Each structure stands twice: as C-alpha cells, then as structure tokens.
Amino acid sequence: MIRDWPLPHSCYRPVDLFQQLSTPQVSTETIAPGALVLRRFALADAPALLDAVEHIAAIASWRLMITPGGLRMSVAMTNCGALGWVSDRRGYRYVAQDPASGRAWPPMPPCFLDVARHAAAQAGFDDFNPDACLINRYEPGTRLSLHQDRDERDYTQPIVSVSLGLPATFLFGGLRRADRAQRIPLEHGDVVVWGGPARLRYHGVLPLGPGWHDGLGTHRMNLTFRKAA
C-alpha cells in the first residue's frame with residue numbers, strides 16, 4: 001500500500017536542531033512581525049526532499065489547475081498529506097482525494113514533516129502539525145500572483161514554505177492587496193515561515209528567471225505546508 005513506500009535514510013534529519021542552527025550556514029531574517037526567512041535551513045535535507053517529491057509526483061501527477069474563473073494556472077502542482085489543495089470552477093478548497101485518480105493523496109513523508117515542524121518551531125510556532133503540503137513546480141516565466149491563504153480553518157497555525165532549485169523573488173505584502181510588497185530573494189534551501197499577525201498577508205512569486213540548478217535543472221520547486229483542517 002502507498003503508506004508503506006520506502007524512504008531514503010537521509011529522510012530522517014541527521015542532526016539536532018540546535019546543532020544545525022549553531023553553524024554559520026544558517027541565518028534568520030525577520031521580514032515582518034510573525035514572519036521570518038530561515039536562510040539555508042533546508043539545504044542539508046534538500047536531496048531527500050527532492051527524492052520524496054519524485055515519488056509523490058509518480059502517484060499524484062503534476063497538473064495545471066483551473067481557477068474558478070476558468071483560467072489555467074501556469075505553475076504545475078501536486079499534493080501530499082491527509083488533504084490536498086485544489087482549484088477548479090467550483091472554487092478553491094481542500095479535499096482528501098486526488099480528483100484526477102479518486103485515490104487518497106500520497107502520505108506526507110517524514111522528512112517533509114521534520115523540516116516543517118523544525119522550521120515552525122524556530123520561528124516561534126511550536127506544535128505545528130501540518131496535514132497538507134502543496135508542491136508547486138515553476139518553469140522560467142511562470143509566476144504566482146499576490147494572494148492570501150484563506151482556505152484553512154485555523155489561522156493560528158503558520159505557513160511554512162520551502163524553496164528548492166532555481167532562485168526566485170518572493171513577494172510579501174500586507175493585509176490588503178494594494179499594500180506595497182517586499183521583494184525577498186530566495187535561494188535553494190531557504191525557508192519562509194509566517195503566522196500570527198502576518199498569517200493573512202498577501203504573498204506571491206515574481207516570474208521565474210532562466211537558469212540552471214544541478215538538482216532541478218530549469219525548475220524551481222516550492223513546498224508549502226499548512227494545517228488545513
């Protein structure tokens with residue numbers, strides 16, 4: 001069964017959190033009250049994360065979802081966890097089954113949960129237990145327009161976003177769409193966490209520039225962890 005799929009040994013975090021944070025490799029930047037960028041936080045875990053993404057996508061294939069207005073999104077997506085985020089003409093929502101296959105989404109790998117929980121704790125959000133991970137795959141020229149994450153039931157839980165592959169510019173705005181957004185460069189292994197007073201801030205990604213990454217080629221991958229139910 002799917003829940004028994006094997007994971008590489010590296011999927012289990014090999015070092016203690018405090019040991020990792022004591023190295024010069026990891027740095028923390030506050031971008032707003034309740035919002036942090038953890039530079040290179042997931043760098044050591046990246047190979048295991050990418051291996052897990054490959055397995056997830058083999059079960060729940062990449063797809064370009066449709067907005068409620070009928071437009072096709074440019075960023076390919078898939079999900080893992082108890083719930084998956086979907087969009088179609090019926091609206092934005094979380095569902096327990098992949099609409100494309102009728103099966104449950106692949107379970108969230110231990111390495112995903114480990115990175116998400118440790119990053120949330122480092123940002124001051126203890127006991128984060130995500131039940132959904134939306135995986136976005138960007139190609140050069142694709143973007144994510146400013147939006148709020150409002151489809152979750154509990155806004156006291158943070159959002160944890162892991163960047164892998166090509167660098168990108170993350171837009172982090174205010175509580176209104178018209179508020180000016182910060183432009184935050186993100187590199188492979190960077191993690192952004194926002195919650196508390198920042199939980200409903202608008203955010204997005206500028207069009208991805210061309211480039212090459214040894215692990216992902218011409219792509220950028222983003223793992224977004226949420227507590228949906």
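Just so it is clear, the model here is predicted, and its values are computed rather than measured.
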Item to complete: Output, in order, the C-alpha distance, side-chain angles, deciding distance and verdict of salt bridge (Lys or Arg N to Asp or Glu O under 4.0 Å) for D131 and K227.
Response: CA-CA 5 Å; D131 54 11; K227 182 71 171 69; 3.6 Å; yes
[X] (side chain) donor-acceptor with [Y] (main chain) under 3.5 angstrom:
X    : Y    : answer
R40  : Q25  : yes
Q148 : L200 : yes
R226 : I159 : no
D179 : L175 : yes
S101 : R103 : yes

Could you tell me which non-hydrogen atom of [X] sits nearest to which non-hydrogen atom of [Y], and how far apart they are?
X    : Y    : result
A116 : P130 : CB-CG, 4.1 Å
L134 : T78  : CD1-O, 3.6 Å
A60  : P106 : CB-CD, 3.8 Å

Item to complete: Provide the full list of salt bridge (Lys or Arg N to Asp or Glu O under 4.0 Å) pairs with a residue in residues 73-93, sequence neighbours left out, each pair given once.
Response: D88-R93
Going by heavy atoms in the side chains, are [X] and [Y] under 4.5 Å from each other?
X    : Y    : value
S87  : I66  : no
P167 : P185 : no
V95  : L83  : no
M221 : L216 : yes

Worksheet item: Does the ring of Y138 carry R220 above it, NZ/CZ under 6.0 angstrom from centre and within 45° of its axis?
Response: yes
Practice prompt. Any pair with a residue in residues 178-197 that passes ring pair (Phe, Tyr, Trp, His ring centres under 6.0 Å), sequence neighbours left out, goes on the list, sorted by first then second residue, please.
Written response: F170-W194, F172-W194, H188-H213, W194-H203
Verify whether one side chain among [X] and [Y] offers a donor that lies under 3.5 Å from an acceptor in the other.
X    : Y    : result
R143 : S74  : no
H55  : D51  : no
S161 : N222 : yes

Discussion item. I'd like to know if R39 and E29 make a salt bridge, using a cut-off of under 4.0 Å between side-chain N and carboxylate O.
Written reply: yes
Response to the item:
From the list V53, V162, L164, L49, side-chain contact (heavy atoms from CB on, under 4.5 Å) partner of I135 resolves to V53
Fill in: ring-ring contact (aromatic ring centres under 6.0 Å, His included) involving H219 - partner list, sequence neighbours excluded
none
Practice prompt. Kindly write out the residues that satisfy ring-ring contact (aromatic ring centres under 6.0 Å, His included) with Y155, not counting sequence neighbours, or none if the list is empty.
Written response: none
Worksheet, complete the sentence: Sorted by chain and residue number, the salt bridge (charged side-chain N to carboxylate O under 4.0 Å, His left out) partners of R63 (sequence neighbours excluded) come out as D98
Worksheet, complete the sentence: R199 meets the salt bridge (charged side-chain N to carboxylate O under 4.0 Å, His left out) criterion, sequence neighbours left out, with E152
Fill in: Spacing of CG belonging to L38 relative to NE2 belonging to H118, to within rounding of 0.5 Å
12.5 Å
Discussion item. With side-chain hydrogen bond (donor to acceptor under 3.5 Å, both in side chains) as the criterion, how do W85 and D151 come out once you've worked through the C-alpha distance, each side chain's angles and the decisive distance to 0.1 Å?
Written reply: CA-CA 9 Å; W85 185 88; D151 300 318; 2.9 Å; yes
